[in-house]
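Okay, structure first, notes after.
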Amino acid sequence: MITAAILSLILTFSPNIAETPENDAGIAREYRDVAQRLIDAATADHHAWDRLAYITDYYPRRLSGSRMLEDAIDWSVETLNSDGIPVVRTQDVTVPHWERGNEYARVLSPVPMELAMMALGGSVGTGGEVLRAEVLVVGSFDELQERSGEAQGRIVVWNVPFTDYGTTVQYRGRGAIEAARAGAVASVIRSVTPFSMQTPHTGGMRYDALVPQIPGAAITPEAASWMQRMADRGETIEMELYMEARTLPDAISRNVIAEIPGSEFPEEIVVIGCHIDSWDVGHGAMDDAGGCIVTWEAMRLIHQLGLQPKRTIRLVLFTNEENGIRGALAYRDKVIENGEIENHVLGFEVDFGVFEPLGFGFDGSEEALHLLEEIASLLEPVGATAVRRGSAGTVDVGPLRREGVPVMGLDVDTERYFWYHHTHADTIDIIDPDELARCVASVAVMTYVVADMTVRLPR
Ligand SMILES: [Zn+2]
């Protein structure tokens, strides 16, 4: 345990130690001035926030297959060109095309009530009819197994409180498969969130070819716990569900690719990216227009300051992360085909919110991690100095990782992330302009130094 006296000594002395240039390691010393210029440029105004407000106000609900997504992509291409980024192009990607349509849910008894609900992405609808059935409330896959005799012809409601995303999201992913296997007619989850103000959350779900496809939807935590209490009292809950959700033939979308070519090793590529698509609810401000604006602004500032790194910086706005990951897979296939995969130095993605930046999560070698720690020390003015092992929010660079490319995510304060995730509430209102600017500074410094330092980041 650290006593107050020792703590005050640390607080007194450590900033001085870190700020003394003599104590900098080589890379930190070499890049201290340029890092400060990037930080100053990123935090001088609220350009990133204004741009994020623009894209989300004009192009909300960017689901794959929608006109809105393609309009957002057109706007991005035009704006990257007007920013003067030297190379801007797109890559066609075939993507799933799912539409929600109209939908509602209500409880008929024991107490009538309208439910805030959302179909889960990829779900089938109710066949043009209103589905009416009794509810079976269960709290886990095991409980459904034990009570599978009661599930026939019922709507299974999974009342599973949020623990961590990876655990709780299992019910969104395969709830409809397990419910259908037990003979249920629909699967309704408690939204995957630790906090709710009667807000339903959508997200992807799966089917299994061996069991019937039944509708999958989400209701609010409040509604799910109400049903639990009623079921515990021995009440019979009767519910109606109406969903027009359907899957149309695949559509064509695009990855947006923009580059600052390297001055010495243009064939070596540092990828920074995000996903330009979103769910069809809310504005996708946090998930993931924010990640797109942060990485894009980082590139724009590097270019605007006249900094041409030795290696190529490539920005990729991936399409279709939310319900297919087809953009990331198409990108990986293309760079393998072009013989570029070996020269991918780093895949750096921002897709876990754009709140207060804390540092970076890294998936790669120990040697590389130490170099990144040194670079991150340059971010002391914005507080993003931590580099930890294991990355979060790196779905789109995941396929690159599986080909041996080191990958990294921006670590931010994620406390509120799942409050808004995949809801109507994911709008610009939840993003703080100063925090966003510090995210831009963090990405700009890390990206520039990795792209410019003499030594290539080891694999
Ligand atoms: Zn996302």
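When a residue number appears, it is its place in the shown sequence, counting from 1. One-based numbering, in listed order, for ligands and for the atoms of each.
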Can you tell me if [X] has an N, O or S atom under 2.8 Å away from the Zn ion (ligand 1)?
X    : value
E322 : no
D287 : yes
C274 : no

For side-chain contact (heavy atoms from CB on, under 4.5 Å), just list the numbers for I325 and V395, CA-CA rounded to whole Å, side-chain angles, deciding distance to a tenth of an Å, and then say yes or no.
CA-CA 8 Å; I325 320 176; V395 169; 3.7 Å; yes
Centroid separation Y417 to Y165 less than 6.0 Å
no
With P86 as reference, evaluate Q308, H303, E259 under the side-chain contact (heavy atoms from CB on, under 4.5 Å) test and give the passing residue.
H303
R326 and its side-chain contact (heavy atoms from CB on, under 4.5 Å) partner, picked from N320, T319, D277, N255
N320
In D351, the N, O or S atom nearest to the Zn ion (ligand 1) is which?
OD1
